[in-house]
Each structure stands twice: as structure tokens, then as C-alpha cells.
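Hydrogens, waters and symmetry mates are skipped; everything else that's a heavy atom, side chains included, is used.
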Amino acid sequence: MRDAYLTHDTIYQAFAHQARRHPHALAIIDDERSLTYAHLDALATTIAIKMPVERPKMVGIVMDHSPEMIAAILATLKSGAAYVPIEPSMPKDRIHFVMTETDVDFIITNPRHRRKLCGFSLLVINSPLPIAHGITSEDRSRPHSLAYVLYTSGSTGKPKGVMIAHHNVTHYAQAFHQEFHPGIGDRMLQFSVCSFDIFVEEVFTTLLSGAALVIPPESIKDDTQSLLDFVDRHKVTIISGFPYLLLDINKIGHLPHSLRLLISGGDVLRAHYIDRLAPKVMIYNTYGPSETTVCCSYFRCDNTPPSPDGTFPIGRPIKGCAVEIRDEKLRPVPDGQPGEICILGDGVGLGYLGDRKVENRAFVTLDDGRRLYRSGDIGIRRPDGVLLFLHRKDTQVMILGKRVETCEVENVLCGCPEVEAAVVKPCTDNAGLSFLTAYFVTRPIKGFSLSRLKKKMARFLPPYMIPEFFVRLKAMPLTVNGKVNSRALPKIHKHNTL
């Protein structure tokens with residue numbers, strides 16, 4: 001199967017290879033219909049010829065999850081443009097910020113979302129969209145061209161766009177194939193939202209390998225038992241998700257017989273999250289920032305005991321990647337000593353979009369010409385070469401598996417007119433899960449309402465970034481040099497019964 005992931009291929013070319021090789025194999029399945037590789041390719045071409053700009057550079061994707069959404073992404077890549085995905089459920093202000101900063105030529109969307117996208121050129125796609133057979137469109141994709149921009153929480157207080165090229169993705173698909181061997185007969189659940197790199201793993205490792213992508217309805221995603229019933233009904237073989245999805249599945253205890261592989265990523269995987277699943281299915285813990293194209297290390301944990309603290313290692317580097325532990329001056333750190341996790345190799349992306357000089361310092365070109373990404377994570381490499389994640393070195397925290405820069409939340413909170421000063425702190429409950437607490441001082445106004453304050457924050461922040469607890473202070477405690485005295489802030493204790 002190596003020829004499916006030739007390094008000179010683009011994402012679309014690798015997909016088209018599968019469509020030519022297995023035209024009648026199923027590519028996408030949902031509760032309403034199934035599309036073969038030939039049909040999905042034709043649907044992508046149908047969308048490509050409808051594009052209002054002949055040679056777009058950036059195309060927004062604000063769509064419900066469906067075969068049309070996947071086809072729209074493929075059409076964008078085939079046109080030579082990069083796609084910019086964001087969920088329609090995100091706050092309007094956040095969607096507009098992302099689409100404005102990327103300067104999209106137009107946005108592909110569904111009819112019911114068009115009112116949320118006023119001011120942008122739109123290509124409105126119905127679902128199902130009739131396929132125009134017997135048509136062609138030029139493939140303008142190139143291996144080193146930009147493929148997509150994913151927005152993550154930003155350390156400057158604004159979300160930042162991670163730029164990933166075609167060759168980064170085809171490299172990852174090849175590494176994924178070497179470890180997990182997806183192919184005809186495999187079915188991957190498409191569970192993640194489109195703005196996370198797990199979505200990239202779900203979609204492209206599947207469609208570049210000849211496997212099928214299975215899309216559940218939104219209505220069942222919050223009900224784990226209904227989701228497992230869907231998995232059973234459609235004979236899904238692979239699920240990739242955050243540790244909390246595995247935790248929910250673990251609580252149920254039984255698995256559909258079709259499942260052969262569970263992949264955890266995006267946060268720490270703890271032994272008690274999978275203790276009932278480990279004897280029944282192959283389980284992997286994975287690690288990797290969006291800046292390095294999904295994952296850069298894998299660790300199989302269903303047949304291995306956890307570390308003494310009850311967590312699993314992040315494993316060994318994947319094919320085409322090197323993961324090294326280095327100090328602040330980027331000097332290698334001896335095995336067994338903590339340092340920053342640094343990633344090198346084919347997965348390292350193009351950097352952050354726009355004027356991001358400070359953040360782009362994380363991307364370093366070494367003297368030998370190799371590009372290195374400084375993750376900001378602290379880790380250790382054991383003498384046997386296995387990597388352990390320890391903690392972050394900055395304000396970043398994972399909330400329900402989603403990356404959050406607390407300073408971004410703080411920036412939005414401080415931008416509310418009724419707030420005089422505020423600080424947002426990450427906390428940990430008794431189960432080891434992170435949550436946010438906001439400490440704030442209000443301006444001298446009458447009729448302060450916390451619910452109104454939260455609504456203002458929700459105009460720009462998704463729900464998982466809204467602090468779980470708000471503590472109103474008369475004054476912000478400060479140290480002698482004028483900085484917030486974190487030790488003097490009231491402690492919030494949250495008991496989790498999981």
C-alpha cells in the first residue's frame with residue numbers, strides 16, 4: 001500500500017489514486033446513504049465547478065458534517081486552495097474573526113447557516129447535492145502548498161491559525177498506515193469537530209487508504225450508548241478521540257464486535273479510563289500538537305502497565321518524525337531528565353498565519369537545515385526510548401481534550417466593559433481533569449449580572465472556554481512588584497465523581 005502515500009502526492013492526488021484503484025469501494029457512510037470512492041470524487045468535482053472564484057487561495061468551510069462537507073474539502077484541495085474549517089455552532093464573532101484573518105475568497109456552507117455569514121461571499125450547498133456526472137475539473141494541488149489552516153487557542157489572547165501543507169498530511173497518512181494498517185474493510189468513525197486535528201486523522205488516513213468514513217448524526221454524539229449502537233450498526237472498526245470519549249465507553253464496559261482499534265489523543269490517558277476496555281480491543285495513546293500534523297508519537301497501552309502515576313507514556317516517534325527532549329537553549333537533555341518536547345521531521349507545519357512573530361519563534365530552523373517545533377510541553381525520555389509527558393510550561397491547558405490558552409479567555413473577559421481586572425486560572429479536580437476559574441473585579445456600576453457577562457463572553461468563546469467558576473473580588477491581590485498574587489486567590493475545590 002506504500003504507493004498510496006508517495007511523498008510527491010498531494011492529499012487530493014492520493015485520494016484520487018484510491019478512487020481509480022477501488023472506484024466501487026465505500027468511501028462515506030451515514031444513516032441516510034453511502035457513497036463509493038467514484039461517487040465521492042464526482043461529488044467533489046461537482047462542487048469544484050460551482051466555485052465562484054476560478055483560482056481561490058483560501059476557502060472557508062462552515063458546514064454540517066455530511067458527505068457534502070467532505071466533498072467540499074476535497075474540492076477545495078483539488079482547486080489548489082487551502083480550506084479553513086470551523087463549526088457552524090461556534091460563536092458568530094469567532095467565525096467572522098477566523099474568516100476575516102484568513103481572507104477567504106468565499107465560504108462553502110449549508111442554506112441554514114448563511115445568515116450567520118453575512119458579509120462574506122458564499123457557495124451554498126444543499127444536502128444531498130445531485131452529482132453532475134461526466135464532468136472534469138483541473139487538479140491544481142501541489143505537495144508543498146498550503147492544505148488547511150486550523151485555529152487553536154492563542155497565547156497572545158487571540159486564536160491563531162496553524163498552517164499545514166499537503167506533504168505534511170500525506171506523510172502522516174503514511175505513518176498512520178505503517179502502524180495501524182487501515183484499508184478496504186476498515187471503517188473509521190468521524191466523531192471530531194472539524195477544527196481539531198483529530199478530524200484530519202479521521203478523514204485523511206481513511207480516504208487515502210481505501211477505508212470508509214462513517215459519519216454519525218449530531219443528535220447522538222452526546223449519548224455514548226447511542227453512539228456505540230451506531231458504531232455497531234455500521235460495523236465501525238476504528239475510533240479516534242479524546243481520552244474522555246474512551247472514559248465514557250469504559251463506563252459502559254461492552255464494545256461492538258466490529259471494533260478493532262481505539263486511539264486516544266489530545267490529553268493525558270489514565271489507566272482507569274480504559275481498565276474495562278484493555279482486555280477487549282487494541283488501544284493506543286498518541287501525542288502531537290496541531291503544529292506537527294496530528295501525532296508525532298504512538299504508544300500501545302492495552303497490553304502494557306501504566307506509569308507509576310497511573311498515566312500512560314506517549315510512546316515512540318512515528319515514521320518520518322524525531323521527538324527529542326531539549327533544554328531552553330535547545331541542547332539535548334540526557335535520558336531521564338526533564339526538558340521541552342521538541343519535534344522534527346516531515347510533520348512540522350509551515351507556522352502560524354499572519355503577523356505572529358512571537359508565536360512563530362516556536363518553529364526553529366537548525367544549523368543542519370532541519371525544522372524543529374518547540375511544543376511547550378515538558379517531558380522525559382526513558383532509557384528504553386519511550387517518551388513521557390509531564391506538564392505544560394506555559395498557560396496552556398486541555399479542557400475536555402481541547403487546547404485552551406488561559407490568556408485568551410482572560411483577554412475576552414477583560415474586554416467586557418463591566419470588568420475592571422481579571423485573571424483566569426487552570427485548576428484540577430480530584431479525578432485529574434482540568435477546569436477554569438475566573439477571578440475578576442467589576443467596575444463601579446449598578447446591576448451587575450454574571451449571566452450577562454457569560455453571554456458576552458460566549459459571543460467569541462465556545463462553551464468549553466467559558467470558565468466553570470467565577471469568583472468576584474473587591475480587589476485583585478497583588479505581589480510587591482505589582483503582579484497578580486496567585487497564592488492569595490481563593491482556592492476552588494471541585495469534586496468529580498467519575
Side-chain angles (χ1 to χ4, degrees), residues 25-37 39-40 43 61-74 85-90 109-110 112-113 125-129 180 182 185-207 209-266 273 277 280-281 283 294 400-402 462-464:
L26 290 178
I28 298 186
I29 302 167
D30 64 17
D31 268 343
E32 302 297 327
R33 55 194 164 136
S34 300
L35 268 68
T36 65
Y37 271 81
H39 286 149
L40 179 58
L43 183 58
I61 303 290
V62 185
M63 302 181 72
D64 298 323
H65 290 230
S66 65
E68 282 72 23
M69 179 199 196
I70 306 302
I73 290 172
L74 291 170
I86 192 166
E87 292 292 324
S89 59
M90 283 288 171
T109 191
N110 305 112
R112 70 193 189 102
H113 304 307
I125 297 295
N126 291 307
S127 183
L129 178 69
F180 303 118
D186 269 311
R187 297 184 175 188
M188 169 79 84
L189 183 70
Q190 200 287 282
F191 183 79
S192 174
V193 297
C194 64
S195 54
F196 295 146
D197 53 17
I198 291 178
F199 178 88
V200 174
E201 179 172 80
E202 291 171 342
V203 174
F204 296 127
T205 65
T206 299
L207 297 180
S209 69
L213 191 68
V214 186
I215 306 175
E218 287 294 322
S219 59
I220 69 169
K221 284 189 174 181
D222 292 332
D223 185 335
T224 306
Q225 183 60 65
S226 296
L227 184 68
L228 287 180
D229 291 342
F230 175 88
V231 165
D232 193 25
R233 186 164 65 251
H234 292 288
K235 297 180 172 57
V236 170
T237 61
I238 305 172
I239 295 177
S240 180
F242 294 122
Y244 316 109
L245 175 60
L246 272 64
L247 173 61
D248 287 341
I249 296 173
N250 192 65
K251 288 161 63 178
I252 291 174
H254 66 269
L255 286 172
H257 295 299
S258 59
L259 268 178
R260 71 174 181 87
L261 173 63
L262 292 174
I263 302 172
S264 175
Y273 290 6
L277 302 176
K280 304 174 183 178
V281 66
I283 304 173
V294 194
L400 297 177
K402 304 170 181 68
Y464 66 86

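Phe180 has its side chain within reach of Leu261: a pair of non-hydrogen atoms, C-beta onward, lies under 4.5 Å apart. Taking 4.5 Å as the limit, every side-chain heavy atom of Val236 sits out of range of all side-chain heavy atoms of Pro256. The shortest distance between side-chain heavy atoms of Leu400 and Phe242 does not fall below 4.5 Å.
Partners of Asp64 under the side chain to side chain contact (heavy atoms under 4.5 Å, CB included) rule, at least two apart in sequence or in another chain, are Pro88, Asn110, Arg112, His113. Not a single ring pair (Phe, Tyr, Trp, His ring centres under 6.0 Å) links Phe191 to another residue, sequence neighbours left out. Partners of Thr36 by side-chain hydrogen bond (donor to acceptor under 3.5 Å, both in side chains), not counting sequence neighbours, listed by chain and number: His39. By the side-chain hydrogen bond (donor to acceptor under 3.5 Å, both in side chains) test, Tyr244 is found to be paired with Asp267, residues two or more places apart in sequence or in another chain being considered. Every side chain to side chain contact (heavy atoms under 4.5 Å, CB included) that Glu32 has, sequence neighbours left out, goes to Asp30. For Lys280, there are no salt bridge (charged side-chain N to carboxylate O under 4.0 Å, His left out) partners two or more places apart in sequence or in a different chain. Not counting sequence neighbours, the partners of Arg33 by the side-chain hydrogen bond (donor to acceptor under 3.5 Å, both in side chains) test are Glu68, Ser127. Scanning for side-chain hydrogen bond (donor to acceptor under 3.5 Å, both in side chains) contacts around His65 gives Glu87, Gln190, with sequence neighbours left out.
Taken to the nearest 0.5 Å, the CG atom of Leu245 stands 12.0 Å off from the CD1 atom of Ile263. Between Ile249 atom CD1 and Leu259 atom CG the span is 7.0 Å, to the nearest 0.5 Å. For the atom pair Ser66 OG and Ile125 CD1, the distance stands at 9.5 Å (nearest 0.5 Å). With rounding to the nearest 0.5 Å, the separation of CD1 in Ile86 from SG in Cys194 is 7.5 Å. Atom NE2 of His234 and atom OG of Ser34 lie 8.0 Å apart (nearest 0.5 Å).
Under the side chain to side chain contact (heavy atoms under 4.5 Å, CB included) rule, Met188 has a single partner from Val203, Ile239, Thr205, Leu207, which is Thr205.
With Thr237 contributing its side chain and Ser258 its backbone, the two residues share no donor-acceptor pair below 3.5 Å. Side-chain atoms of Tyr273 do not come within 3.5 Å of backbone N or O of Asn250 as any donor-acceptor pair.
Within the structure, salt bridge (Lys or Arg N to Asp or Glu O under 4.0 Å) contacts touching residues 185-203 (residues at least two apart or in different chains) are Asp186-Arg260.
Gly265 approaches Pro243 most closely through the heavy-atom pair O-CD, 3.4 Å. Nearest heavy-atom pair, Ala212 versus Leu26, reported as atom, atom and distance to 0.1 Å: CB-O, 3.4 Å. In terms of heavy atoms, Phe199 sits closest to Ile70 at CZ-CD1, 4.1 Å. When all heavy atoms of Leu35 and Pro67 are compared, the pair lying nearest together is CD2-CB, 4.1 Å.
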Acceptor/donor pairs from residues 224-232 side chains to any protein atom, 3.5 angstrom cut, sequence neighbours excluded:
{"residue": "Gln225", "atom": "NE2", "partner": "Asp229", "partner atom": "OD1", "Å": "3.1"}
{"residue": "Ser226", "atom": "OG", "partner": "Asp223", "partner atom": "OD2", "Å": "3.1"}

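Other residues, nucleotides and ligands contribute over 12 non-hydrogen atoms within 6.0 Å of the NZ atom of Lys221.
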